[in-house]
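Report on the following structure.
Every chain is numbered from 1, with letters handed out A, B, ... down the list of sequences. These numbers come from the heavy atoms of this one structure, side chains and all, not from hydrogens, waters or symmetry mates.
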Number of protein chains: 2
Amino acid sequence: MAITFQNIADSLTRISDKIYQTPIVSSALLNAWLGHEIYFKAENLQKVGAFKARGACNVIAKLIESGNPPNKVVAHSSGNHAQAVAWAANKFNIPATIYIPSFASAIKIQATKSYGAEVILMDSRQGVEDAAREHSQQEGVYWIPPYDHEDIICGQGTVAIEAMDQLSLIPDAVFVPCGGGGLLSGVNIAAKGINPEIKVFGAEPLNANDAAESLRKGAIHRLLESPKTIADGVMTLAIGEINFEYLKQTDGILEVNEDTIVYWTQWLSQLLKLQIEPTSAMTMGAVCQYLQNQKSKQRILVVLTGGNIAPEKHRQIWEKNWLEVLPSLAIELLGDNKAGHS
Amino acid sequence: MAITFQNIADSLTRISDKIYQTPIVSSALLNAWLGHEIYFKAENLQKVGAFKARGACNVIAKLIESGNPPNKVVAHSSGNHAQAVAWAANKFNIPATIYIPSFASAIKIQATKSYGAEVILMDSRQGVEDAAREHSQQEGVYWIPPYDHEDIICGQGTVAIEAMDQLSLIPDAVFVPCGGGGLLSGVNIAAKGINPEIKVFGAEPLNANDAAESLRKGAIHRLLESPKTIADGVMTLAIGEINFEYLKQTDGILEVNEDTIVYWTQWLSQLLKLQIEPTSAMTMGAVCQYLQNQKSKQRILVVLTGGNIAPEKHRQIWEKNWLEVLPSLAIELLGDNKAGHS
């Protein structure tokens, strides 16, 4: 059964007393420079500092609603999904075990523990996934995967309904980052359910463009090794199988190079005074690619997906000073690579 | 005539349709670690990214209200006051000339220009002050000083009335940074006007402790040279004469060392997902000094005064990783200097 708009609306009702209704912010200066209106949904201010709280909360709440609550939940993640599952399980008083690769940032591991979860560190990305899956073979243990799950997709999609309700306007286009594809799938269904004219795009690092490649090839493209990108929220090796079908229904995935990701991380923090992950700021690179081809003034909704940045990433972000180069639609910095287009 | 609570309440009425009512945020994790309740008033999300918009707006609005609008306003500043006057003048369609030392950050100079002000760069801190004062001798030209002015004090004080109205509770203590002393003076009058039991403290870098020294000596203490502190919002050489009388009525000024300032800059951005100036984060060092001596659970209001950080400051902030050291009341890092107490 395909996910419907109603499934996502029901998910929002299910989780809305658990999550924050995060604010929508904008920058008059940025809008003046670009000549369009950009609305940022600040999910960096969400519980655990990322939209991932929505999906994790939705999965557990739905299991409880169905009269079949798990005795325990397990998950694997190197990032925000780990914290999200730990937080959501704690919220519903269900024990959680989270498998995390030992190379993950210390601050994310610490945060996951602070929500009361048992954390098990393992050497490899594949290792944690296998361990979580194996653990879930035990009776009463439920595995919450990071993106390839219908109730995760529905949970993440709630951000679009909530944002448009707050905005009281129908944007011309919505932009979100694409890693495994859960958020983009859910937002596309939600937005087009509100109005089929709304365009929905994903943004992906050029250096980790498995989703864009998958859409070009018509089959899931799997990266052979961990990609090199500062956008550490979208380093997944391949999109989910469930998600792939939904991603085909979006308006495309735009690729952004590394310098441009850093550029917008600096500028958005400067303009909005928010701490914003490179993964979220990357989306502005895609927005500018889109806006260059628009003849009329556009109203754009951007989901700022998270605000968790490790100290070493802060140093990397501020190595160069990009604030001397004012934002314009033509901004696309050429570093080690050239930006591709889908 | 001494400034009264009513003067500040009137100022809030005067400016409230021009400025943002910034949100109050808190961190459940931080409150659990410290065992107290801390409410942060996020003035980093204020117009121009700092509370300074309040004072500048109040001065100009009151001049217009009095039937004596200036033909032009002038100001001198190396930081947020420059942007605040430029923004407020623009809001009321009055031309502005801002004198800025050439060593000020390029991003702040650029922002001041972007609000339509004429910017004149000069070599020294004394030079810009002299030039602004001299310019104001011309007919119809009004000089808006950064802190030593009653309507600036009243404007900055509005933040306390607004915050307590939003909170619907009376905090035990309020903490703000102290540079020239305008904000601290205004907040003290406002808070004690709401309830005389509320304690009001200033926070100052140990390396730029002219205000604490002034209170100890009973006379204005002037630093002989520009102090070395990462808290660039409070590098003033001496507090204002008007302010000094009001600062004597506060509950004290607590001094914070450089490592502790950087520590809280990292932690507040990590916990709140906001971009926060070191000057604002410094306040938490003072809060912890105060809380160490409290026997009952305290409710504390902290004004996060601004969010403007130059790229080179970002690099300096994240040189070391302090996020491995969890916050506690005993946190006081010993770097090149020891923390003093008033």
Side-chain angles (χ1 to χ4, degrees), chain A residues 20 22-23 25 27-30 32-33 42-50 83 87 90 105-111 113-116 262 265-277 280 304 306-326, chain B residues 20 22-23 25 27-30 32-33 42-50 83 87 90 105-111 113-115 262 265-277 280 304-326:
Chain A
Y20 287 135
T22 56
V25 296
S27 162
L29 217 48
L30 181 67
W33 283 330
E43 285 287 295
N44 61 322
L45 303 179
Q46 188 50 268
K47 299 275 185 188
V48 315
Q83 295 177 64
W87 165 80
N90 181 273
S105 86
I107 192 78
K108 290 193 177 179
I109 293 170
Q110 186 189 74
K113 285 180 183 167
S114 78
Y115 295 112
V262 173
T265 306
Q266 291 194 2
W267 268 103
L268 289 190
S269 71
Q270 168 67 17
L271 291 167
L272 305 176
K273 311 300 177 201
L274 299 174
Q275 176 160 305
I276 294 161
E277 292 184 13
S280 307
L304 297 177
N308 295 318
I309 307 179
E312 62 275 15
K313 281 276 146 76
H314 277 287
R315 285 194 286 272
Q316 208 180 329
I317 290 165
W318 293 99
E319 249 166 35
K320 273 193 195 178
N321 175 11
W322 288 116
L323 297 185
E324 287 167 358
V325 185
L326 288 187
Chain B
Y20 287 135
T22 56
V25 297
S27 162
L29 216 49
L30 180 66
W33 283 330
E43 286 287 296
N44 60 321
L45 304 178
Q46 187 51 267
K47 299 278 183 185
V48 315
Q83 295 177 64
W87 166 80
N90 180 273
S105 87
I107 192 79
K108 290 194 177 177
I109 294 170
Q110 186 189 75
K113 285 181 184 166
S114 78
Y115 295 113
V262 173
T265 306
Q266 290 195 1
W267 268 104
L268 290 189
S269 71
Q270 167 67 17
L271 291 167
L272 304 177
K273 310 302 177 201
L274 298 174
Q275 176 161 305
I276 294 161
E277 292 185 12
S280 308
L304 297 176
T305 46
N308 294 318
I309 307 178
E312 62 275 15
K313 281 276 147 76
H314 278 288
R315 286 194 287 273
Q316 208 181 329
I317 291 164
W318 293 98
E319 249 167 31
K320 274 193 193 177
N321 175 10
W322 287 117
L323 296 184
E324 285 167 0
V325 184
L326 288 187

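- Between Trp267(A) and Trp33(A), the two ring planes are perpendicular [angle over 60°; tilted spans 30° to 60°].
- Using modelled atom types, one finds a donor on one side chain and an acceptor on the other under 3.5 Å when comparing Gln275(A) with Ser269(B).
- The OG atom of Ser114(B) sits 7.5 Å away from atom CD of Gln83(B), with the distance rounded to the nearest 0.5 Å.
- Using a 4.5 Å cut-off between heavy atoms, Leu29(A) touches chain B through its side chain atoms alone.
- Checking each of Thr305(B), Ile317(B), Leu304(B) against Ile276(B) for a side chain to side chain contact (heavy atoms under 4.5 Å, CB included) leaves exactly one that passes, namely Leu304(B).
- For chain A, the nearby part of Gln110(B) is the side chain; its heavy atoms alone come within less than 4.5 Å.
- The part of Ile309(A) that comes within reach of chain B is its backbone (N, CA, C, O), which places non-hydrogen atoms under 4.5 angstrom from that chain.
- For a residue to count as touching a neighbouring chain, one of its non-hydrogen atoms must lie under 4.5 Å from one of that chain's; by this rule Gln266(A) does not touch chain B.
- Taking CG of Leu45(B) as the reference point, atom NZ of Lys273(A) lies at 9.5 Å (rounded to 0.5 Å).
- When heavy atoms are compared at a cutoff of 4.5 Å, Ile107(A) approaches chain B solely by way of its side chain, counted from C-beta outward.
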